[in-house]
There are 2 protein chains.
Amino acid sequence: MSRWEPDARGRLQRAAMELYVEHGFEQTTVAEIAERAGLTERTFFRHFADKREVLFFGQEALLELFVSSVAQAPEGTAPFEMAAAALHAVSGVFEDRRPWSLERHRVISANPALAEREQSKMARLSEAVGTALRDRNISEPTASLTASSCISVFHIAFQTWIAEDNTRGFPQIVTETLDALKAVTAGT
Amino acid sequence: MSRWEPDARGRLQRAAMELYVEHGFEQTTVAEIAERAGLTERTFFRHFADKREVLFFGQEALLELFVSSVAQAPEGTAPFEMAAAALHAVSGVFEDRRPWSLERHRVISANPALAEREQSKMARLSEAVGTALRDRNISEPTASLTASSCISVFHIAFQTWIAEDNTRGFPQIVTETLDALKAVTAGT
DNA sequence: ACGTTGATGTCAGTCACTGACATCAACAAT
DNA sequence: ATTGTTGATGTCAGTGACTGACATCAACGT
């Protein structure tokens, strides 16, 4: 058998989420998280860069989904269509994780420092999509604008999905939000 | 005469900017900033919520400019036109501050923690514009989408303006970026 | 003359985060 | 089987951001 209990990182993530829900983010110390996970504070910081990052470990996968969708769009696709395709590819992933997404969203919204980190992650997504578009020979400022619009739609659709009663699925909300964006810039 | 040297907050801002330029953000301690400003660390934290905030103390004025522009748009203006009007109103303010903007931008870009705070400020702007639009009876998701698009254009136009050789003025770049956004969502 | 106010100073404390070094099961090489 | 290496973890001492409680004292109003 192994020297250590397995999945230290997962244990830390679960312990952190539990404690943030129970006592709030600021009232929770890293030492408490580590203790609940059966580890030490020092080990926490070997797995996560800081106290906030523990809630954002998975973003990398989302980012790669966006980027690879853009990379795989057929030759000659218009930039906005590439972004839309990426959005649709991504939107399927969340369906079965709604309860978890909801809880996580509540914790993040309740704390400015966590909200700040989330905005930073969104910006990172936008940057990555922008780079992916430039790799498809889209020039500036079209690439950045398309990427920003794409992530804005994602973000707003996500908030809508979280806020409402699960009447519409996430993919459908994404589609409708995309259409609403087109209407906005068309001047309707 | 007054008991204290005047403009403590301004002295702290200047001292911080100088030190961040000279030694970098992380290598500068708050105690050093306070010392250069002839004050104590404790006083620094009475003026600014944290070590980053000292670089962002003017954002409130910018926010109000955006919001009041939206509030003052003529009755019946389309949402996107309200946002465009706000952008044009704001874009004039930066012309004479280009050197300062450039230096500040360099400092912020050089440090992830500062970049994160800037993204957070942009998100705050977007929220505020969204609220201003809702106050003009624009419904969701149009209000949020318009606001996000507006701030994206502002951000991308700003970066363009900072990056290039001052051949185009900021207002002109804003106009062209707005047009580029319309082209993107129109599917061109 | 006197009480109040408000910006600042002083001091002690908590906690996020880091660097340096120690431990020791598992595994590989011989 | 012995030995050496690796890698995840622990231990410990430190730095620095940030906070709460209390003190100071010019300016100002009464």
Side-chain angles (χ1 to χ4, degrees), chain A residues 1-57 107-108 110-118 120-121, chain B residues 1-57 107-108 110-118 120-121:
Chain A
M1 73 181 192
S2 175
R3 183 176 179 188
W4 317 102
E5 291 296 307
D7 195 22
R9 176 168 292 150
R11 272 151 54 213
L12 286 166
Q13 287 181 86
R14 285 186 291 276
M17 182 60 129
E18 287 169 22
L19 286 164
Y20 293 170
V21 168
E22 288 172 26
H23 308 130
F25 174 76
E26 287 185 348
Q27 284 63 46
T28 303
T29 69
V30 174
E32 286 166 357
I33 300 170
E35 187 189 356
R36 182 169 295 201
L39 294 164
T40 64
E41 192 180 353
R42 191 66 184 87
T43 298
F44 177 96
F45 287 111
R46 289 204 178 91
H47 285 281
F48 305 103
D50 58 50
K51 192 184 163 186
R52 308 178 210 174
E53 200 64 20
V54 65
L55 283 187
F56 295 90
F57 204 87
V107 171
I108 291 174
N111 186 276
L114 290 172
E116 190 172 40
R117 176 59 51 84
E118 172 139 282
S120 166
K121 294 296 180 185
Chain B
M1 74 181 191
S2 173
R3 183 176 179 188
W4 316 102
E5 291 296 308
D7 194 22
R9 175 168 293 150
R11 273 150 54 214
L12 285 166
Q13 287 181 83
R14 284 187 290 278
M17 182 61 130
E18 287 169 22
L19 285 164
Y20 293 170
V21 168
E22 287 172 26
H23 308 128
F25 174 75
E26 288 186 347
Q27 284 63 46
T28 304
T29 70
V30 173
E32 286 166 358
I33 299 170
E35 188 188 357
R36 181 168 297 200
L39 294 164
T40 64
E41 192 181 353
R42 191 65 184 86
T43 298
F44 177 95
F45 287 110
R46 288 205 178 91
H47 285 281
F48 305 103
D50 59 49
K51 191 185 164 186
R52 309 176 208 174
E53 200 63 19
V54 66
L55 283 187
F56 295 89
F57 204 84
V107 171
I108 291 174
N111 187 277
L114 290 172
E116 191 172 39
R117 177 58 51 85
E118 172 138 284
S120 165
K121 294 296 181 185

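Per chain, numbering begins at 1; letters A, B, ... match sequence-line order.
Put simply, CZ on B:R117 is 14 Å from P on D:dA17, counting in whole angstrom units. A straight line from CZ of B:F45 to P of D:dA17 spans 6 Å, rounded to a whole angstrom. If you take CG of A:L12 and P of C:dA16, they are 14 Å apart, rounded to a whole angstrom. One can place CZ of A:R52 at 15 Å from P of D:dA17, the figure rounded to the nearest angstrom. The nearest whole Å value for the distance from the CD atom in A:E35 to the P atom in D:dT9 is 17 Å. We find that CZ of A:F44 is positioned 14 Å from P of D:dG10, with the value rounded to whole Å. Whole-Å rounding puts the A:E5 CD to D:dG10 P distance at 12 Å. For A:F48 and C:dC17, the CZ to P distance is 13 Å, given to the nearest whole Å.
The two atoms that bring B:D50 and B:R52 nearest to each other are OD1-N, 2.9 Å, heavy atoms only.
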>> Could you go through B:E32 and B:R36, starting from their C-alpha distance and side-chain angles, then the distance that decides it, and tell me whether this counts as side-chain contact (heavy atoms from CB on, under 4.5 Å)?
In response: CA-CA 6 Å; B:E32 286 166 358; B:R36 181 168 297 200; over 6 Å; no
>> Between A:Y20 and A:I33, is the side-chain contact (heavy atoms from CB on, under 4.5 Å) condition met? List the steps.
In response: CA-CA 9 Å; A:Y20 293 170; A:I33 300 170; 3.5 Å; yes
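Residue A:T40 places none of its side-chain N or O atoms closer than 4.0 Å to OP1 or OP2 of D:dT9. Between A:H47 and D:dT9, a side-chain N or O to OP1/OP2 separation shorter than 4.0 Å is present.
For B:D50, whose side chain is taken as the heavy atoms from C-beta onward, the closest listed nucleotide among C:dT18, D:dC18, C:dT10 is D:dC18. Checked against D:dT9, C:dT8, D:dT19, the side chain of A:L39 finds its nearest nucleotide in D:dT9. Here C:dC17 is the nucleotide among C:dC17, C:dC11, C:dT8 with the atom lying nearest to any side-chain atom of A:E41. The side chain of A:R46 sits closest to C:dA20 out of C:dT10, C:dC17, C:dA20. The listed nucleotides are C:dC17, D:dT19, D:dT11; the one nearest the side chain of A:K51 is C:dC17. Distances were taken from every side-chain heavy atom of B:W4 (C-beta onward) to each of C:dT8, D:dA21, D:dC18; the shortest belongs to C:dT8.
Taking the side chain as every heavy atom from C-beta outward, B:F57 and B:H47 never approach each other to under 4.5 Å. For the pair A:L55 and A:F25, the minimum side-chain heavy-atom distance is 4.5 Å or more. When side chains are defined from C-beta on, B:R42 counts as touching B:R46, because their heavy atoms get closer than 4.5 Å.
The environment of A:E5 atom CD is sparse: at most 12 non-hydrogen atoms of other residues, nucleotides or ligands sit within 6.0 angstrom.
Taken residue by residue, residues 24-33 of chain A places no heavy atom nearer than 4.0 Å to DNA chain D.
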